[in-house]
Amino acid sequence: MTEFELIARYFTRPVRERQGVGDDCALIDVADRTLAITTDLMAEGVHFFRHVDPASLGHKALAVNLSDLAAAGARPRCFLLALSLPRADPDWLEAFSGALFELARREGCELIGGDTTGAAPVGDSDGPVTVCITAIGEVERATLRGRGGARVGDDLWVSGELGDAALALAHARGEVPLGPQQARDCERRLLWPQPRVALGLALRGLASAAIDISDGLVGDLGHVLERSGVGAGVQVTQVPRSGAMRAVERTLQLRCVLAGGDDYELLFTASPSNREAVVAAARHGGVEITRIGTLTKEPGLRLVGESGIDATLRGFDHFAGKCQGPPSFDPTRRT
Ligand code: ADP
Ligand code: MG
């Protein structure tokens, strides 16, 4: 059973709210407002390693939630923080909370509550750290968008550059040599993702559908295609990649760029008639965007422009074949 089959079978029921399970954010109507709500959990050993910089963990735990709000075109408003910790270490907590509040301040999002518990030891070792944030934003009812609005003929766009976080992991695993500067740049993308909130807001009324890429381009685009009932052709050579990425061997490059995960860039669709407005919106959003394909009537995803792409490339799934390994792992752990 895959992660998404599990969710569909056991946790998806009809809801009276505007949007339930299946999109980056749930949407609920409250009086004349619509709120976007999302939650993301980060678990030690799955999403980050034991000795991760606590500042980067505080930043990333909020960033990944703000990224879901960005996909929905929501303006961040507030969030709740649930923490399970093996010990109360003041230095750790100072660094974690400092970076968390720095991002929260920058995005105008206030911490309004949460829960804190201990983590029981596992054998002789400390129990794992778990961080779960629930973020709430506001959306304009007139410009609601989710994963399901893509139309045949729409352009497919992506922000930033893809795959660097996955490249940082490959490097930490010893699979690929990188220069010190390249390694630092890629690790920064892994540990300090920048949620594209301003772009998400600027695209209101322009993007027909959007998703944030957390599990890899192929997998997350698949969610958009499925929910929108369309297909897509993607020009693989157009998919934006960093200098560090372009310097590595082609198979690894494709694996990272197409199926790497942990990118937290926005993937969105828009009518070709909106091209100029979309480019202007991206300038407003402070991030480069690239047009990488077109939506088609024929269902499914066609990766064109590169030969010999591994047909098994797909998004990260916590319960399926794990073709790419977990999105983060402990390079210090011996297997
Ligand atoms: P994201 O990557 O944006 O966090 P996913 O694609 O992982 O979202 O999740 C797909 C959908 O399933 C989302 O709408 C999410 O809210 C929902 N979902 C995930 N886990 C559960 C769960 N345990 N119960 C209910 N809904 C869930
Ligand atoms: Mg998402």
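Counting starts at 1 for both ligands and their atoms, following the listed order. Along the sequence shown, the residues carry numbers beginning at 1.
- In this structure, Lys60 pairs ionically with Asp262, as a charged nitrogen and a carboxylate oxygen lie closer than 4.0 Å.
- In terms of protein heavy-atom proximity, atom 24 (N) of ligand 1 is closest to Phe11 CB, 3.4 Å.
- Classification of Asp212 and Arg196 as a salt-bridged pair fails, no side-chain N sitting under 4.0 Å from a carboxylate O.
- Applying the 6.0 Å contact sphere to CZ of Arg241 captures more than 12 heavy atoms from other residues, nucleotides or ligands.
- Looking only at its N/O/S atoms, Asp212 has OD1 as the one nearest to the Mg ion (ligand 2).
- If you look at Arg147 next to ligand 1, the close heavy atoms, those under 4.0 Å, all belong to the side chain.
- Taking the six-membered ring where tryptophan is involved, the planes of Trp157 and Phe268 are essentially parallel, since the angle between them stays under 30° and well short of 60°.
- Of the protein's non-hydrogen atoms, Phe4 CE2, 4.1 Å is the one closest to atom 9 (O) of ligand 1.
- For the Mg ion (ligand 2), the nearest N, O or S atom contributed by Asp24 is named OD1.
- For Arg283 and Glu288, the salt-bridge test fails: no basic side-chain N is under 4.0 Å from an acidic carboxylate O.
- A salt bridge links Glu44 with Arg50; the closest basic N to acidic carboxylate O contact falls under 4.0 Å.
- In terms of polar-atom proximity, Asp24 is counted as a contact of ligand 1, with an N or O under 3.5 Å from an N or O of the ligand.
- Residue contact check: Asp40 has heavy atoms under 4.0 Å from atoms 4 (O) of ligand 1.
- Environment of CD in Glu175: crowded, with over 12 heavy atoms of neighbouring residues, nucleotides or ligands closer than 6.0 Å.
- Summary of contacts: the protein heavy atom closest to atom 17 (C) of ligand 1 is Val21 CG1, 3.7 Å.
- From the protein, the heavy atom lying nearest to atom 20 (N) of ligand 1 is Ile7 CD1, 3.6 Å.
- Nearest protein heavy-atom contact of atom 2 (O) of ligand 1 is Ser214 OG, 3.3 Å.
- The closest protein non-hydrogen atom to atom 13 (C) of ligand 1 is Asp23 O, 3.2 Å.
- The nearest N, O or S atom of Asp220 is not closer to the Mg ion (ligand 2) than 2.8 Å.
- Looking at atom 11 (C) of ligand 1, its nearest protein heavy atom turns out to be Gly22 N, 3.7 Å.
- For Asp68, the N, O or S atom with the smallest separation from the Mg ion (ligand 2) is OD1.
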Practice task
Given salt bridge (Lys or Arg N to Asp or Glu O under 4.0 Å), test Arg105 with Glu102 step by step and report yes or no.
Solution key: CA-CA 5 Å; Arg105 185 195 56 74; Glu102 170 57 28; 2.9 Å; yes

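- Comment: Arg33 engages Glu138 in a salt bridge, judged by a side-chain N to carboxylate O separation of less than 4.0 angstrom.
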